[in-house]
Amino acid sequence: MGRIGIIIAMVLCTSFINPMFAPSLVSYFPMDKQTGNVCMDMKTGDRLVGVGNPYIVNASAYCNGSSSYYEAQNPNEWKRLTNKMSLSFWGKRVTTGSGCFVAALDLGAGVTVWNVQNTAAGNFQMAVISAPSTTNTFGTGSAAYQSANVWRHFVATYDGTEGTAANRVKLYVNGVNISASAGMGGTIPTALYNPLNTTLRIGRSVATYVGNSFIKFVELYDRPLTATEVKDIYVSEYN
């Protein structure tokens with residue numbers, strides 16, 4: 001390949017909507033394979049270790065909602081997040097009463113720093129705490145996403161620098177901004193609570209298992225994605 005061909009190839013690779021090429025990407029867990037009970041972060045080499053025998057099936061990770069989940073062992077990169085982030089993942093519920101859950105948890109204080117989930121009730125929400133005793137949520141109040149055996153793309157963005165609490169969180173499902181249909185409980189804070197003492201979990205909160213679902217393409221970014229970027233990721237991964 002000549003020099004021009006190499007340059008063209010580089011441009012195509014860096015512009016292709018693959019999270020591996022995004023400079024703002026913090027962690028990327030495709031969840032399509034594992035060694036033993038370990039899933040690797042394709043960006044930094046961090047590991048998600050399975051607890052209670054979760055497993056990979058059909059290129060996605062399964063947590064049963066009662067005894068299994070994944071937990072990061074050395075999440076140095078995403079622990080630096082303070083007031084901006086985005087989380088993107090695909091989730092499929094096994095039953096209508098199950099949920100898809102990804103969260104950063106302060107295990108020392110026994111609290112959630114933030115979580116993004118398609119709840120058992122079927123809504124989609126992001127919760128961000130401003131103090132160990134104060135949980136603030138932004139999410140849909142309906143069971144719009146309760147049906148089982150359907151893959152959906154979920155994205156939540158957080159930007160504490162926005163002037164109003166209502167603008168600090170945005171929610172997307174299948175590439176569409178659904179924030180207008182969401183409501184807020186509490187006041188979304190301007191910064192994440194104590195992110196340096198956290199661990200990342202998929203399928204379990206501090207004490208409660210949240211799962212019986214499949215999850216894949218878990219991506220954490222250090223800034224709020226734009227609506228166009230969210231749509232591009234959805235289209236790229238859907239294809």
S.K.: Does a side-chain heavy-atom distance below 4.5 Å link K84 with D222?
M.R.: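 K84 does not reach D222 side chain to side chain.
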S.K.: Show the numbers, then the answer: is there a side-chain hydrogen bond (donor to acceptor under 3.5 Å, both in side chains) between N118 and R93?
M.R.: CA-CA 9 Å; N118 174 212; R93 306 149 69 93; 3.1 Å; yes
S.K.: Do side-chain atoms of E229 reach the backbone of T226 as a donor and acceptor pair under 3.5 angstrom?
M.R.: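 Yes; judged by distance alone, with no hydrogens or angles, the pair exists.
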S.K.: Hey, does W114 have a side-chain heavy atom less than 4.5 Å from the side chain of L87?
M.R.: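 Yes, their side chains come closer than 4.5 Å.
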S.K.: Can a salt bridge be assigned to the pair E71 and R47 using a cut-off of 4.0 Å between side-chain N and carboxylate O?
M.R.: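 No, no charged N to carboxylate O under 4.0 Å.
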S.K.: Taking atom CG as the centre, does D32 end up with more than 12 heavy-atom neighbours from other residues, nucleotides or ligands that are less than 6.0 angstrom away?
M.R.: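 More than 12 within 6.0 Å, yes.
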S.K.: Short question: side chain of S86, backbone of R223 - any donor-acceptor pair under 3.5 Å?
M.R.: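 It does hold such a pair.
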S.K.: State, without any angle test, whether Q34 and Y70 hold a side-chain donor-acceptor pair at a distance under 3.5 Å.
M.R.: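 Yes, Y70 and Q34 have a side-chain donor paired with an acceptor closer than 3.5 Å.
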S.K.: Is a side-chain donor or acceptor of S213 paired with a backbone partner of G99 at a separation under 3.5 angstrom?
M.R.: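 At least one qualifying donor-acceptor pair exists.
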S.K.: Answer yes when R168 and E162 have at least one side-chain N-carboxylate O distance shorter than 4.0 Å, and no when they do not.
M.R.: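 A salt bridge is absent here (no side-chain N lies under 4.0 Å from a carboxylate O).
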S.K.: Students often mix this up, so state it plainly: with edges at 30° and 60°, are the rings of F214 and W151 parallel, tilted or perpendicular?
M.R.: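 Aromatic pair F214/W151 classed tilted.
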S.K.: Looking only at non-hydrogen atoms, find the nearest pair between V26 and Y221 and report the distance.
M.R.: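 Shortest heavy-atom contact: CG2-C, 3.9 Å.
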S.K.: Can a donor-acceptor pair be found, under 3.5 Å and without considering hydrogens, that links the side chain of T208 to the backbone of S205?
M.R.: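 Judged by distance alone, no pair lies under 3.5 Å.
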S.K.: Is there side-chain contact between T112 and T135, with at least one heavy-atom pair below 4.5 Å?
M.R.: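 Of all side-chain heavy-atom pairs linking T135 with T112, none is under 4.5 Å.
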S.K.: Judged by modelled atom types alone, do D41 and T44 share a side-chain donor-acceptor pair under 3.5 Å?
M.R.: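 Yes, side-chain donor-acceptor contact under 3.5 Å.
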S.K.: Find out whether L105 and V113 are in side-chain contact, i.e. whether some heavy atom of one side chain is under 4.5 Å from a heavy atom of the other.
M.R.: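 The answer is no, as the side chains (C-beta and beyond) never meet within the 4.5 Å cut-off.
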S.K.: Does the side chain of N167 come within less than 4.5 Å of D159's, by heavy atoms?
M.R.: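 No, their side chains stay 4.5 Å or more apart.
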S.K.: Check the surroundings of atom CG in N149: do more than 12 heavy atoms from other residues, nucleotides or ligands lie under 6.0 Å from it?
M.R.: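 Enclosed: over 12 neighbouring heavy atoms sit under 6.0 Å from CG of N149.
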S.K.: Mind checking whether H153 and S88 have side chains closer than 4.5 Å, heavy atoms only?
M.R.: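 Of all side-chain heavy-atom pairs linking S88 with H153, at least one is under 4.5 Å.
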S.K.: Can you tell if the side chain of T82 reaches within under 4.5 Å of the side chain of L192, non-hydrogen atoms only?
M.R.: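 The answer is no, as the side chains (C-beta and beyond) never meet within the 4.5 Å cut-off.
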S.K.: How about Y193 and S130: do any of their side-chain heavy atoms sit closer than 4.5 Å?
M.R.: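 No, their side chains stay 4.5 Å or more apart.
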S.K.: Check the side chains of S67 and N64 for a donor-acceptor pair under 3.5 angstrom, ignoring hydrogens and angles.
M.R.: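 Their side chains do contain a donor-acceptor pair, which is all the 3.5 Å distance test asks for.
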S.K.: According to ring pair (Phe, Tyr, Trp, His ring centres under 6.0 Å), who are the partners of F89, at least two apart in sequence or on a separate chain?
M.R.: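 Testing F89 for ring pair (Phe, Tyr, Trp, His ring centres under 6.0 Å), a comparison that skips the adjacent residues, returns F154.
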S.K.: Under 3.5 Å, is there a donor-acceptor pair between the side chain of N136 and the main chain of I188?
M.R.: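 No: the side chain of N136 does not pair with the backbone of I188.
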S.K.: Hey, mind stepping through Y62 and Y55 against ring-ring contact (aromatic ring centres under 6.0 Å, His included) and telling me if it holds?
M.R.: CA-CA 5 Å; Y62 173 68; Y55 56 87; 5.2 Å; yes
S.K.: Within the supplied structure, the quantity of interest is the number of heavy atoms (other residues, nucleotides, ligands) at a distance under 6.0 Å from K231 NZ; does it exceed 12?
M.R.: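 Check fails, neighbour count at 12 or below.
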S.K.: Between T157 and P224 (side chain of the first, backbone of the second, donor and acceptor by atom type, cut-off under 3.5 Å), is there such a pair?
M.R.: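 Between the backbone of P224 and the side chain of T157 there is no qualifying donor-acceptor contact (under 3.5 Å).
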S.K.: Using the side chain to side chain donor-acceptor pair (under 3.5 Å) rule, collect all pairs that involve residues 176-189, keeping only residues at least two apart or in two chains.
M.R.: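 Checked against side chain to side chain donor-acceptor pair (under 3.5 Å) - neighbours excluded - the pairs reaching residues 176-189 are N177-S179.
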S.K.: Over all heavy atoms of both residues, which pair between N115 and A103 is shortest? Give the atoms and the distance, please.
M.R.: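 Here N115 and A103 meet closest at CB-CB, 3.4 Å.
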S.K.: With a 3.5 Å distance limit and no angle check, can you tell me whether Y158 reaches the backbone of A191 through a side-chain donor-acceptor pair?
M.R.: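 Judged by distance alone, yes, a pair lies under 3.5 Å.
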